[in-house]
There are 2 protein chains.
Amino acid sequence: MAVSEIMSESPKVPKPTIERLAIYSRPLEDLLEAGSPVVSSERLAILCGVNPAQVRKDLAYFGEFGIRGLGYEVKELLKAIRAILATDRRWSLCILGMGNLGRALVENENFKRRGYIFVAAFDADNRKVGERLACGLTIEPVAGIKDIVSKLHVDIGVITTSQKGAQRAADLLIDAGVRSVLNFTPAQVRISSSCFLENEDIGLKLENLAYHLTRIRGARATK
Amino acid sequence: MAVSEIMSESPKVPKPTIERLAIYSRPLEDLLEAGSPVVSSERLAILCGVNPAQVRKDLAYFGEFGIRGLGYEVKELLKAIRAILATDRRWSLCILGMGNLGRALVENENFKRRGYIFVAAFDADNRKVGERLACGLTIEPVAGIKDIVSKLHVDIGVITTSQKGAQRAADLLIDAGVRSVLNFTPAQVRISSSCFLENEDIGLKLENLAYHLTRIRGARATK
DNA sequence: CACACATTGTGAAAAAAAGCACATTCAATC
DNA sequence: GATTGAATGTGCTTTTTTTCACAATGTGTG
Ligand SMILES: NC(=O)c1ccc[n+]([C@@H]2O[C@H](COP(=O)([O-])OP(=O)(O)OC[C@H]3O[C@@H](n4cnc5c(N)ncnc54)[C@H](O)[C@@H]3O)[C@@H](O)[C@H]2O)c1
Ligand SMILES: NC(=O)c1ccc[n+]([C@@H]2O[C@H](COP(=O)([O-])OP(=O)(O)OC[C@H]3O[C@@H](n4cnc5c(N)ncnc54)[C@H](O)[C@@H]3O)[C@@H](O)[C@H]2O)c1
């Protein structure tokens, strides 16, 4: 299980595998804190609501982290997953749109713990500009984005503007040199193909729930 | 395209289809507002970043909504999708944990527009209890949850407590008679199998982004 | 009212993902 | 240092989801 092996570009890692790796890390943090030295794929699978073989296969894409007959060393496994997900380094984020959601995100401690640091916050509304946030950041005018992004080496831009402002926010980010964008608005933003875009529509899961509620009465719990 | 047909329990609808139906509704709302009478599967697919055949197949699970040679009537299609997703009726929600995220959710206008109405807000912190929120709700003590849930016919319980408080919040909800739960904390909560649970971990997408950033340099935009 | 044209709806093929089942390998014990 | 027991890693199978490709069926036009 060399680091080079962890980092090597594996032939084809399923996208769902990446999402699950992040899920696995949650209970692993708890186990580490609780002092459990090892965990089996079966136990981890139960904690995450997935199939044990799935856990093993997901990990196997990146190397051999387990000890046969025993399981996985919690500390080592967590370290390995963090290396895979690149949560073991610091990511600089900036955020556009300091409404309710934007404020909630920058104040959130989990992101900081995982190495995602908000280094700048912007808003198009001049009444908000200059406001000091609890996390220590001051809301900046969007006009200054280019300077700040290049000065602070922003890796990821987060969009939490109103739906109408999303495309403009994306354009500002790309123009400022940010190559990856996480969009929390329900708007579909278009972006240069050389950049990376991920959408997170918080409302979608609710609609899912409503659908299932109207059908399956007395349904089983999902992942 | 009878309503009965829309509502009939289809043999097997893929889970991703349901998620996409909600995605389709976003640009459809824009198109309706913009006054476009019809939209083709190809155009809608582009707007949503998916394959045109996918759009047609997704819709075909629930009936025939299109006009060959023309496309889909925007208004009718939106109505049909809303009927499928049960967004055309009113859902009563309650929420536990009125921190930053909880406040952002209850103030959000999109949820209200789609029929998801927060009718009660709870917090375990007595200092917060009694506080009047901008949306009109007053933060209630968790002790009163059972009464309020049954009185107001709550359909869905939302958890936005701290990670540690999530399981307790879930227990309170189930005990109060809520049959479906949307959990925004990264904690895995255990729940009676007769109830429905959906998890929305807002941090996951960020970890995804970091992973892809470290690999694919100059990657293409995703869905 | 036939004809051209566009776009749907869908069976069949391909691709992707999940799950099974077991040989393999390690720890622990006697 | 063999033996037992447990849990991994993985080839193979099954299931699920996506995509292709085209016949079917509408609209609009002359
Ligand atoms: N609040 C929630 O719980 C929630 C839930 C689901 C989705 N969302 C989505 O997240 C987004 C933000 O939600 P919110 O509740 O924080 O909204 P909000 O209206 O409270 O805040 C939006 C902020 O963005 C700023 N803004 C608008 N255009 C901008 C631009 N081009 N550049 C910079 N700033 C700009 C506005 O000045 C405002 O301060 C919305 O699109 C909303 O649909 C929010
Ligand atoms: N804020 C974000 O942007 C963000 C992002 C990702 C995930 N999350 C997750 O969402 C959750 C809430 O985030 P937040 O920033 O609003 O946290 P927060 O700490 O601001 O608020 C948590 C609230 O929950 C209350 N609470 C705790 N246990 C409770 C219980 N059993 N019943 C009722 N209320 C209880 C607390 O009193 C507090 O008011 C956290 O689990 C967090 O990890 C938040």
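Numbers restart at 1 for each chain; the letters A, B, ... are given by sequence-line order, proteins then strands.
Residue A:Arg56 places no side-chain N or O under 4.0 Å from the OP1 or OP2 atom of D:dG9. Contact between the side-chain N/O atoms of A:Arg20 and the OP1/OP2 oxygens of C:dA18 is found at a separation under 4.0 Å. OP1 or OP2 of D:dG9 sits under 4.0 Å from a side-chain N or O of A:Tyr72. The shortest distance between the side-chain N/O atoms of A:Gln54 and the OP1/OP2 oxygens of C:dA17 is not below 4.0 Å.
Put simply, CD on A:Glu73 is 14 Å from C1' on D:dT8, counting in whole angstrom units. Residue A:Ile67 contributes atom CD1, which lies 16 Å from atom P of C:dT25 at whole-angstrom precision. Look at CG on A:Asn51: it is 14 Å from C1' on D:dG9, rounded to the nearest Å. One can place CG of B:Leu77 at 15 Å from P of C:dT7, the figure rounded to the nearest angstrom. In this entry the distance linking CZ of B:Phe65 with P of C:dG9 reads 9 Å, nearest Å. For B:Glu19 and D:dT17, the CD to P distance is 10 Å, given to the nearest whole Å. Put simply, NZ on B:Lys12 is 9 Å from C1' on D:dT16, counting in whole angstrom units. Across the protein-nucleic acid pair, B:Glu64 atom CD and D:dT25 atom C1' stand 10 Å apart, rounded to whole Å.
Ion pairing between a basic and an acidic side chain is recognised when a charged N comes within 4.0 Å of a carboxylate O; B:Glu107 and A:Arg103 show no such pairing. Ionic pairing of A:Glu73 and A:Lys79 is not present here: no N-O contact between side-chain nitrogen and carboxylate oxygen is shorter than 4.0 angstrom.
The aromatic rings of B:Phe62 and A:Tyr211 stand perpendicular to each other, their planes meeting at an angle above 60°, with 30° marking the opposite boundary.
In terms of position along DNA chain C, the nucleotide closest to A:Pro16 lies nearer the 5' end than the nucleotide closest to the other residue of the pair A:Pro16 and A:Leu70. Of the two residues near DNA chain D, B:Pro14 and A:Ala60, the one whose nearest nucleotide lies more 5' is A:Ala60.
More than 12 non-hydrogen atoms from other residues, nucleotides or ligands lie less than 6.0 angstrom from CZ of A:Arg113. No more than 12 heavy atoms of other residues, nucleotides or ligands sit less than 6.0 Å from atom CD of A:Glu42.
Contact annotation: side chain of A:Lys57 to base of D:dG9, donor-acceptor pair absent below 3.5 Å. The base of C:dT7 has none of its N or O atoms less than 3.5 Å from a complementary donor or acceptor on the side chain of B:Arg68.
Within the 4.0 angstrom heavy-atom criterion, only backbone atoms of the sugar-phosphate kind lie near A:Ser41; the bases stay farther away.
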